[in-house]
Amino acid sequence: MDPFGLFCTGALLACGLYWFVCLLGPAEQKGKRAVDLSGGSISAEKVQDNYKQYWSFFRQPKEIETAEKVPDFVDTFYNLVTDIYEWGWGQSFHFSPSIRGKSHRDATRLHEEMAVDLIEVKPGDRVLDVGCGVGGPMRAIAAHSRANVVGITINEYQVNRARLHNKKAGLDSLCEVVCGNFLEMPFKDNTFDGAYSIEATCHAPKLEEVYAEVFRVLKPGSLYVSYEWVTTDKYRGDNPEHVEVIQGIERGDALPGLRNYKDIAEVAKKVGFQVVKEKDLAKPPALPWWTRLKMGRIAYWRNHILVTVLAAIGIAPKGTVDVHEMLFKTADYLTRGGDSGIFSPMHMILLRKPQVPPTQS
Ligand SMILES: C=C(CC[C@@H](C)[C@H]1CC[C@H]2C3=CC[C@H]4[C@H](C)[C@@H](O)CC[C@]4(C)[C@H]3CC[C@]12C)C(C)C
Ligand SMILES: C[S@@+](CC[C@H](N)C(=O)[O-])C[C@H]1O[C@@H](n2cnc3c(N)ncnc32)[C@H](O)[C@@H]1O
């Protein structure tokens, strides 16, 4: 082979290797490769129909206001997005403020460890993860605190993914995953030493229902911290651009309706909690949480091409392209929400269940 031919072959091989390692994704780190994208518990041929069904919920807003319908709606959503999230984001399905000089991975872990530090649990304590996803936070928190973490998620596919990851990480003795609805949890009263929820309770149609359940299962005197998705004091309901951004976020993230930051403490007090601390972790001096979304734009285009090719040749389910497109648009709404300051995904509230129940007046 002449030197030019040799050079071309070498370049082709290098491109192929780059494609395989970088574009298909390092599976060990993220847990998913593009070639393994699925519709969660939904069979491949039904993904497209389920995507349409997901959108039909928004044509009947009353349906997603009733607690009975929401688990179905949220479950469908997570069947559709879980693999894409894992592949394109990682095993922690939430945001965190950027930290100068630290990777996204480290910033994510620190945001998770902060939650468990706030609830002051000790090794061996029993802690509840309300809406645990595939367990990224659960593993970081168990490793950091040596507490026993019990996670609950409505989505069975996530339960299986989380159990698999727990085993692989050697943390299955500390981490347990339960499939269930956090509006009616299958746990006894007064049985947890602490609880946390990271960007999950926003899926509840009525916040009081999930907070009341957490209150019920916590031991008196113990702490609960939640990172809530909210509209901020900058949001104006009479500004059409604000409304468009917030509706875009709701539709692309399976939310029955975003709450204003002012409502969170009110609801917590109503169900009996004492408010220990409340702070929007997105506010300066914290660096923007949405930088990671912005920086990913080129990767989203690359992913879009990859998903389209994989669906065309029958490796990925057909509806995956629609779901990916929906997420693409959602990333834009979230970025606009962050840039304008009208939205925060990390309004932190730290609550205590009192030792003595409040007297009824
Ligand atoms: C808390 C929730 C989820 C928050 C985030 C984890 C996800 C919100 C939007 C998601 C994404 C948007 C764009 C995708 C991109 C087009 C794709 O190529 C790769 C995956 C994305 C980056 C994806 C990853 C997860 C999000 C950032 C909600 C649901 C309450
Ligand atoms: C955005 S994910 C966050 C997951 C996890 N906290 C993390 O940060 O990786 C929201 C989680 O809440 C769960 N969830 C939403 N509604 C639920 C419900 N009614 N009951 C139980 N889990 C629910 C979803 O299944 C999903 O696991």
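Atoms within each ligand, like the ligands themselves, are counted from 1 in listed order.
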Notebook entry, point to check: So which of Thr191, Asp189, Asn190 actually passes side-chain hydrogen bond (donor to acceptor under 3.5 Å, both in side chains) with Arg216?
Noted result: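 The single option meeting the side-chain hydrogen bond (donor to acceptor under 3.5 Å, both in side chains) with Arg216 is Asp189.
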Note to self: Less than 6.0 angstrom from the centroid, inside 45 degrees of the normal: does Arg251 satisfy that with respect to the ring of Trp55?
What the structure shows: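 Cation-pi check for Arg251 and Trp55: fails.
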Can you confirm if the aromatic rings of [Y] and [X] lie within a centre distance of less than 6.0 Å?
X	Y	result
Trp289	Phe343	yes
Tyr157	Tyr78	no
Phe187	Phe192	yes

Notebook entry, point to check: Using a 4.0 angstrom limit on heavy atoms, which residues are close to ligand 2?
Noted result: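 Contacting ligand 2 under 4.0 Å are Val74, Tyr78, Ser92, Phe93, His94, Gly131, Cys132, Gly133, Pro137, Thr153, Ile154, Gln158, Gly180, Asn181, Phe182, Ile198, Glu199, Ala200, His203.
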Next item on the list: Report yes or no: do His94 and Glu112 form a side-chain donor-acceptor pair below 3.5 Å?
Entry: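 Checked: His94/Glu112 side chains pair up, N/O donor to acceptor below 3.5 Å.
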Checklist line | Carboxylate-amine/guanidinium contact Asp106 Arg109, below 4.0 Å | finding: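 Salt bridge flag = yes for Arg109 with Asp106.
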Check: Atom CG in Asn50, atom CG in Asp322: separation rounded to 0.5 Å?
Finding: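 Reported value, rounded in 0.5 Å steps: 12.0 Å.
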Notebook entry, point to check: Hey, which residues fall under 4.0 Å of ligand 1 on heavy atoms?
Noted result: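 Residues near ligand 1: Phe77, Tyr78, Ile84, Tyr85, Gly88, Trp89, Phe93, His94, Phe95, Glu199, Cys202, His203, Trp229, Asp253, Leu293, Tyr300, Asn303, His324, Leu327, Phe328, Ala331, Leu334.
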Margin query: Any heavy-atom pair between the side chains of Trp229 and Asp253 that's under 4.5 Å?
Written below: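 They are in side-chain contact.
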